[in-house]
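Worksheet: one structure, shown below.
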Amino acid sequence: MERSAQRLGRALVVIVDDRVAHGEHEDTSGPLVTELLEEAGFIVDGVVVVEAETAGIRNALNTAVIGGADLVITVGGTGVLPRDRTPDATAGVLDRPIPGISEAIRASGLAAGAVDAGISRGLAGVSGSTLVVNLAGSRSAVRDGMATLTSLVPHVIDELSGLEEV
């Protein structure tokens, strides 16, 4: 039994950005990810903005998992700067990493000419029955990452929900 293409599940977007969290800049990534998720067939529960602090990121992820989200997309904080803590916080939440997803996102970014894709430390994996994926903060990284995820996520969601026949 396969899920309807119209309803893949519930998703939450977590924006990790100090300037957006402090109201210094407008969030442009959240609406973009929301639009792309809805086009892919997800119901987006909302966009949460947090500072680049490990505890705050981890709390947002744990809240999404406990709340029953099927998919959580984080945006930002995946690089090598001291404030880039998203992968570190995510690692503490994941039960099982899925390195192939993050490798595919990096590879597609590099193929598209985004040199910074090669230094992204973004992770992907499962926490409970929730798929968690880290994307870099640029709009091009979001577009490219979401294009890569479109073919992978429905299969993972189906497996996690036990809907795929064995």
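All residue numbers in this chain count up from 1 along the given sequence.
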- Query: Out of curiosity, H22 NE2 to D17 CG, how far, rounded to the nearest 0.5 Å?
  - Reply: 9.5 Å
- Query: Once you round to the nearest 0.5 Å, how far does OG1 of T148 lie from CG of D144?
  - Reply: 4.5 Å
Please tabulate, for the side chains in residues 31-41, all donor-acceptor contacts under 3.5 angstrom to protein atoms that are two or more places apart in sequence or on a different chain.
from: T34; atom 1: OG1; to: G30; atom 2: O; distance (Å): 2.9

Does [X] reach the side chain of [Y], with side-chain heavy atoms less than 4.5 Å apart?
X: I73; Y: L71; value: yes
X: V13; Y: V48; value: no
X: D70; Y: L131; value: no
X: V44; Y: L12; value: no

- Item | side chain to side chain donor-acceptor pair (under 3.5 Å) involving D27 - partner list, sequence neighbours excluded | none
- Residues forming a side-chain contact (heavy atoms from CB on, under 4.5 Å) with S140, sequence neighbours excluded: S138
- Message: Using the side-chain contact (heavy atoms from CB on, under 4.5 Å) criterion, which residues pair with V126? Sequence neighbours excluded.
- Response: R96, I98, L160
Report the residues that fulfil salt bridge (charged side-chain N to carboxylate O under 4.0 Å, His left out) with [X], sequence neighbours left out, ordered by chain and then residue number.
X: E103; result: none
X: D84; result: none
X: R121; result: D88

- Taking a hydrophobic cluster as the set of Ile, Leu, Val, Met, Phe, Trp and Tyr residues connected by side-chain heavy atoms closer than 4.5 Å, whether directly or through intermediates, do M146 and L152 fall within one such cluster? yes
- Please confirm whether the backbone N or O of A52 pairs with a side-chain atom of D18, one donor and one acceptor, at under 3.5 Å? yes
- Within the distance-only criterion (no hydrogens, no angle test), does the side chain of S161 pair as donor or acceptor with the backbone N or O of D158 below 3.5 angstrom? yes
- Quick note, side chain to side chain donor-acceptor pair (under 3.5 Å) partners involving residues 123-136, not counting sequence neighbours, are T74-N134, T90-N134
- salt bridge (charged side-chain N to carboxylate O under 4.0 Å, His left out) pairs touching residues 47-58, sequence neighbours excluded, are E53-R83, E53-R85
- Pair D45-R10, salt bridge (Lys or Arg N to Asp or Glu O under 4.0 Å): steps then yes or no: CA-CA 7 Å; D45 288 343; R10 292 178 37 234; 2.6 Å; yes
- Message: Looking at every non-hydrogen atom in both residues, tell me the closest pair between G137 and V75 and how far apart they are.
- Response: CA-CG1, 3.8 Å
